[in-house]
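These notes are about the structure you will find just below.
The sequence lines fix the lettering, A, B, ..., with proteins before strands; numbering per chain opens at 1. The shown structure was predicted, so the numbers you read here are calculated from the model rather than taken from an experiment.
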2 protein chains.
Amino acid sequence: MRKSAGRCAVLTAFVISILGVGATAVQAKDDPLPSWNEGPAKQSIIDFVTRVTEEDGPDYVRPKDRIATFDNDGTLWVEQPIYTQFAFAMDQVKRQANQHPEWSDEEPFKSVIAGDMKAAAAMGKKGMVEIIGATHSGMSTVEFNDIVSNWLKTAKHPRFETLYTDLVYQPMLELLDYLRANGFKTFIVSGGGVEFMRNFTDETYGIPPEQVIGSSGVTEYRMWDASPALIKQPKVLFVDDGPGKPEGINLFIGNQPILAFGNSDGDKEMLEWTAFCRRLCFMGLVHHTDGEREYVYDRDSAVGKLDKALDKALAKGWTVVDMKNDWKTIFPPEP
Amino acid sequence: MRKSAGRCAVLTAFVISILGVGATAVQAKDDPLPSWNEGPAKQSIIDFVTRVTEEDGPDYVRPKDRIATFDNDGTLWVEQPIYTQFAFAMDQVKRQANQHPEWSDEEPFKSVIAGDMKAAAAMGKKGMVEIIGATHSGMSTVEFNDIVSNWLKTAKHPRFETLYTDLVYQPMLELLDYLRANGFKTFIVSGGGVEFMRNFTDETYGIPPEQVIGSSGVTEYRMWDASPALIKQPKVLFVDDGPGKPEGINLFIGNQPILAFGNSDGDKEMLEWTAFCRRLCFMGLVHHTDGEREYVYDRDSAVGKLDKALDKALAKGWTVVDMKNDWKTIFPPEP
């Protein structure tokens, strides 16, 4: 460094410190969570990460044990008015309808084909399982991935009229980045289908396929057109929801998370299991409170019901993110 | 650096280069696989790694797709005279015998308690599943891990009279390190129980629990002594052997390996699936040919039978490691 430059830097630093503008500038630049408003939610995250990464501190956790698990629907991206994977499945029913004439008399397919989403939704979980089963099987994993990734490139959300992968929460993207920058390994632990999700999780969240855990169907390895293939069967292997989340964490990760984030009662057991980590742990819930920028729902919602998990979070002092007040922006800026 | 030291280093380098001893010294020091004898097996590994990591080369593979999968029993550690996990299970039968008086009249438990290993082994897979089922369930995952890790600290191999975790193959440890140093992510894909393996795979192989895939039982999340627990059920969820290996790779990793190593017919489908990777891939088999330092077995072995996979490897030109001739040493040096 030339002498004059060194002298100049010292002078500048001196002027800035006198004027008191340096601290603010540095803080804004270094803020790992710029889309989060200052407040207890943001502070609880930063405190936690600071404490578990402080090498000589009492709460230090080795990088290999810095496991963070995130629900997907409603925690990392929009889940209203219906789960994205269900919107995909319904589009597939319509697309495949002329290969299945029997569907025109058979519920829930009949309502889906007629475009009566309300009637289809009223069939609840049973109807959803039938539709997912029919549209997610009878093909190889390669063919399925092609169908999903093509759909994700074109299908639009009914209200926001944009690709579903644009409807991810900017504050959560920042949180994922912040955790990884601090040596965490980030996982998705979702009730959604693992093969559906793996078509966008790497590009969208920076989470590679091997760190995505979800509900899974049976696949069968066999020869298919003289090549080996994995054929998707209409049979559930594992449901990664509710108690299935800690079970899935044990099966796929084999280690205890020290941070978990969810948004609904389906995440309650994952958060309880994380709270049992016997060291400093972080449990967070996204509370959908912003009807203008996103949606308002909790205790009575058909999709993403948040009732018992909210009571538990309030009783235990877990972090509850108030979307309206805690998030400066909801979605990433348009590219 | 002081001037005299600098001058001295230059002089030394000059002398070495004239004497021609520098190159050899550097080569031995830089050999990533020092326990492998020079030959086609070692060369095929180094060629493969060099080609897929050469950034401007035609076979370049991005780090995120450098997925390497390894069988465990007989590929990374000794599997004779019986699988280590089975030795563990039989010890557990003896340990638990007085809590199960009914076992004294019931096969295969009766033979195990009587120490008649030959009779127990003759009961084959069915007997093994019963013994594993009885000894690997009815407890929490935490309790099970305590039992396994204590057993691994004390139980000795009948022939080598050393801990089982000392009976890992030094050349394969070097291969795992070499791959990781070249941006590969290393996974275990084993027919063995995933929870059994995770008690030693990180310390022994440098493979963290979330990169270990194996056969899995059902666990049930529930409250246990007022704390949440995962209770191991006597019910198989997933068998990670034969066709189960590509199925497990799809379920747990969600990406195609470009390198796979096995040693028995149970690895045939994993190798076939890897060979279908549509770019440069590496398929390897460890062939147990060294009765003096380890064991000799292949086509007729009850444990680790290698028959169809060997035919396929020979027909397809996959790498077959001749343990006797390709490996300079078998086990790590004693600490």
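More than 12 heavy atoms of other residues, nucleotides or ligands sit less than 6.0 Å from atom CD of A/Glu220. By the 6.0 Å contact criterion, CD on A/Glu203 is open, its count of non-hydrogen atoms from other residues, nucleotides or ligands being 12 or less.
A pairwise comparison of heavy atoms in A/Asn250 and B/Thr219 identifies ND2-CG2, 3.8 Å as the closest pair.
Residue A/Asp202 touches chain B through its side chain alone, counting heavy-atom pairs closer than 4.5 Å. Heavy atoms closer than 4.5 Å to chain B are found in the side chain of A/Thr141, but not in its backbone. Residue A/Ala229 touches chain B through its backbone alone, counting heavy-atom pairs closer than 4.5 Å.
A/Glu247 places none of its side-chain heavy atoms less than 4.5 Å from the side chain of B/Val218. Side-chain contact between B/Glu195 and A/Leu251: absent, with no pair of heavy atoms (C-beta onward) separated by less than 4.5 Å. Within the 4.5 Å cutoff, no side-chain heavy atoms of A/Phe252 are placed close to those of B/Ile213. At least one side-chain heavy atom of A/Trp273 sits less than 4.5 Å from a side-chain heavy atom of B/Leu230. Side-chain contact between A/Lys245 and B/Tyr221 is absent, with no heavy-atom pair separated by less than 4.5 Å.
With rounding to the nearest 0.5 Å, the separation of CG in B/Asn255 from CZ in A/Arg198 is 9.0 Å. We find the CD-CD distance between A/Glu210 and B/Gln211 to be 7.0 Å, quoted to the nearest 0.5 Å.
Among the candidates B/Gly244, B/Ser227, B/Ser216, B/Gly214, the residue making the largest number of heavy-atom pairs closer than 4.5 Å to chain A is B/Ser227. Ranked by heavy-atom pairs under 4.5 Å with chain B, the list A/Pro243, A/Pro209, A/Pro228, A/Gly254 is led by A/Pro228.
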